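One structure is given here, and the rest of the page talks about it.
All chains are named by letter (A, B, ...) in the order of the sequence lines, taking the proteins before the strands, and each is independently numbered beginning at 1. All heavy atoms count here, side chains included; hydrogens, waters and symmetry mates do not. Keep in mind that what you see is a predicted model, and the values were worked out from it rather than measured.
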Amino acid sequence: MAIHYEGNVLKRKSYGADIHPVISDYAAQFKAGKLNRRDFIQSATRLGMSAGAAFAITGVTPSRQILAATPKKGGDFRVSMNVKDASDPAIYDWSEKGNVARHMCEPLVQIDANNIARPHLAAGWRASNDLKTWTFKLREGVTWSNGDSFGADDVVATVRRWLDPKTGSSNQGRFAAMTTLIDTGKIDKHGKPEKSRVARAGAVEKVDDHTVRFHLARPDLSLPESFADYPALITHRRFAEDGANLMKNPIGTGAFKLKQFAVGEKAVLDKRRDSPYWGGDIYLDRITYIDHGDDPAAEIGALASGQVDANYQSSVEQVDTIRSLPNLNLLEMVTAQTGIARMKVTAQPFNNKNIRKAVQACVDHDRILAIVYRGLGAVAEDHHVAPIHPEYAALPKLRQDYAAAHRYLAAAGRPNGIKLTIDCVANPAWEQNVCKALVEMCKPAGIQISINIMPGGSYWDRWMTTPFGFTSWTHRALGVQVLNLAYRSGVAWNETSYANPAFDALLDQAGGVTDANDRRMVMAQAEAMLQDDAIISQSFWRSVFVAANKRVHGLYPHVALEHHFNKVWLA
Amino acid sequence: MLSFVLRRLGAMALTMLVVSAVVFGLMELIPGNVATMVLGPYASDEQKNIWLSTNGYLEPAWCRYGVWLANFMQGDFGHSIRFKVPVGDVLWPRLGRTAILGVSALAVIVPLSLTMGVLAGMREGSIIDRLISVIGIVTTSIPEFASAVFLTGIFVFWLQWLPGASTMSDGFEAVQLVLPVLVLVLYDFGYIARMTRASMIDVIATPYIRTAILKGLPRRQVILRHAFRNALIAPFTVIMLQINWLLSGVIVVEFFFAYKGFGALLLEAALNRDVFVIEACAMIAVFVAVATQALADIGYAFLNPRIRFGSAD
């Protein structure tokens, strides 16, 4: 791909179009030292520049391109991970489901080891100057495992299905800019007109057999990253008609095909041999997922005795054990994964902002990170934007302030304190440990919190409805992505029921600002607004850990715990 | 004998009916929507209602119970919402695996504990008696989750002799059974050994044993032919009760070693509100409990000729 400067403007030829005009500004800022390398690469690739080209401008070789040894072909890569029902990618609610399916069904975009969005089934993309029209060129020569050619029809059918409210896909929130609210003509149980969110007319357009265009109602900078999220796997154009069940009808474009699948036990994927894989050499012959249940003892035992080669993730409590085992490597990645003690603004007593502010004022964020997670992460600031997000804006540090907590309680009419109950899951342990720390920190202010520890199945049945709950959130590459998903009014995963038009407007604005520094100024306002409304108490961003046998090569811990095994090999 | 069996079968059917109704009722009392479990937390209300209606969940509870009962009596256990397959497809293999674990454990526990119990009971107060009693008390008082950790620490992490997980994911491997069986044996053998010991001490003290010794029979013959069979009566009932424990009481061991058996299935089903799997597991558990009790009664009569079935003779 040709990249060159003409005068002061950076030029690149990409399927007949020049690069997005803003990228040359980014390059100039990078060269002037105003933009760091990571921010430059993230910003440029988001607007359609290939990661290789972006890295070339910075003069750095991306780490995954460095291969220390000659890969060896063959072998069964055995991974310990919960095997959950993975019938329909559109309604996946766990990364584990996406991990099994991703070896068969692939996304348009993938977030790589450097937290950078790379084209996958897409060959590339280009955004219009106003970021409202995105054209995705699809990779040619890709075949489905049933022999059909992959093309625009598959992408159009898949995306339309995501946007259909009957599907119940969280992708509707991810791609909210392609949807609109309509009146159904019905009245709901509260006597209000019933609304339904549906795809905007003409939102998804097939340009030709290998080009798809998306028309957005508002600018959305995170569109490529949204296409990389785990429920955004592209299924065959007849997926819905064929029963919408990937486990029974496993048709995919990926390098592997499903051989065996049993919920709670194992999933086996064999290398496809019907046609050459578009992504080049695949080294593994087989991937086997083995479910060791929820007791970490079985998994660590299996790793120690070589029954499995790697795991999905290790808890912070296991770090020392893994380091002490001679056959294992501990892989660590700083992420934007986190857990939030979130308060539902529509439920008693959290509909009173002073109560929420009182809880927030009791928390010493640094101390919770140190006690619960051994300091292996970064301190969070109650606004769900991480320092590793490119648009992160630093706000004044939050401090534990019991005097303020007493003031807020008095203002809420509870000068003598209040009793609260927080729901949380039993596993992983760090989640309930944060709650325990929260309980102790709130006591001096007179806030008595009891913890309702429940199994995962029970918690996830009520995570959207409980007044006070502790929810873990996975990594997302951009701050605006997670804010759109969790805090925009009325979206599927808005567990706090926060509905603030001013905040939504700031999100719209942030999604349309291409300049990293300008966007950071908008985000500073959004962060401050979220922090001030005190709907969440967020203590820290956690590192994730993966244990892998020393014979495993080419494996990297992914920021969102996604499994990309196409270049993994076993010595 | 026939009337005994018929009475037992009747009692079994009645117990199963009551247990199934109680389990069904309890599942109804748990708050939350089954459709959320199946379709995920992000499904729309419209989608959940369609699922509930298609699967008959909008019918009243007694009506659904009636349908389930009728199907169950015809051998149809229903469909698992977690595993997405008919309940039988997941239940029978899991039960088979627990049977393997249980039989393996019993195959060690029974000979070991009977031998230890007899050795200890033969000479009450001897060093060997004290030693066996102390070991038995110590191992029985260590809960399974603790001994599982100790044994894993020794045999998996330190000596590296045994595999740490027992998923049997590549088919049956006897070596993967060693640690779960060892944990069960450690926990259980002391109890049966002490029962046998107590029973043996009672028998040794009886006049007919004294007579046998006084008439000059070799000690070996006295123990094996006269004392042992009578001393077996109490431990036999206890051993039969262990079968029940090995079915559903091994949840801790199965969970710890990721052994995909009946106990683990019951736990998973309970955590996921998989009502038909829970019902099927409960029915199996009741069946095994009542059946082992009946077997214990029959065996008891065989060992103790003073007990006879029925009232006619």
Need one label for B/Gln176: side chain, backbone, both or neither, based on atoms under 4.5 Å from any heavy atom in chain A. side chain
For A/Asp291, which atoms come within 4.5 Å of any heavy atom of chain B: side chain, backbone, both, or neither? both
About how many Å separate OG of B/Ser169 and CD of A/Gln260, when rounded to the nearest 0.5 Å? 9.5 Å
Filtered by a 4.5 Å non-hydrogen cutoff, the part of residues 320-327 of chain A contacting chain B is A/Thr321, A/Leu325
Between chain B and each of A/Val268, A/Asp295, A/Asp85, count heavy-atom pairs under 4.5 Å; write down the option with the most. A/Asp295
So A/Glu265 and B/Thr167, do their side chains get closer than 4.5 Å, heavy atoms only? no
Is a side-chain N or O of A/Gln307 found less than 3.5 angstrom from the main chain of B/Pro163, in a donor-acceptor match? no
Is it the backbone or the side chain of B/Phe157 that comes under 4.5 Å from a heavy atom of chain A, or both, or neither? side chain
Which region of A/Asp88, side chain (C-beta onward) or backbone (N, CA, C, O), has a non-hydrogen atom less than 4.5 Å from a non-hydrogen atom of chain B, or is it both or neither? neither
Checking heavy atoms, do the side chain of B/Leu162, its backbone, both or neither come under 4.5 Å from chain A? backbone
Please report the closest heavy-atom contact between B/Arg82 and A/Val263, naming both atoms and the distance. O-CG1, 3.6 Å
Looking only at heavy atoms, the pair that brings A/Ala298 and B/Phe256 closest together is CB-O, 3.1 Å
Can you tell me if B/Phe287 has over 12 outside heavy atoms packed within less than 6.0 Å of its CZ? no
Looking only at A/Pro296, A/Ala304, A/Gly301, most heavy-atom pairs under 4.5 Å shared with chain B are made by A/Gly301
Salt bridge check: are A/Lys84 and B/Glu268 linked by an N-O gap of less than 4.0 Å? no
How about B/Phe255 and A/Asp294: do any of their side-chain heavy atoms sit closer than 4.5 Å? yes
Which heavy atom of A/Lys266 sits nearest to which heavy atom of B/Asp170, and what is that distance? NZ-OD1, 4.2 Å
Just checking A/Lys248: does its NZ atom have more than 12 heavy atoms from other residues, nucleotides or ligands closer to it than 6.0 angstrom? no
Contact list (residues 140-149 of chain B to chain A, heavy-atom gap under 4.5 Å, by number) returns none
CD of B/Gln160 to OG of A/Ser305, rounded to nearest 0.5 Å, is 9.0 Å
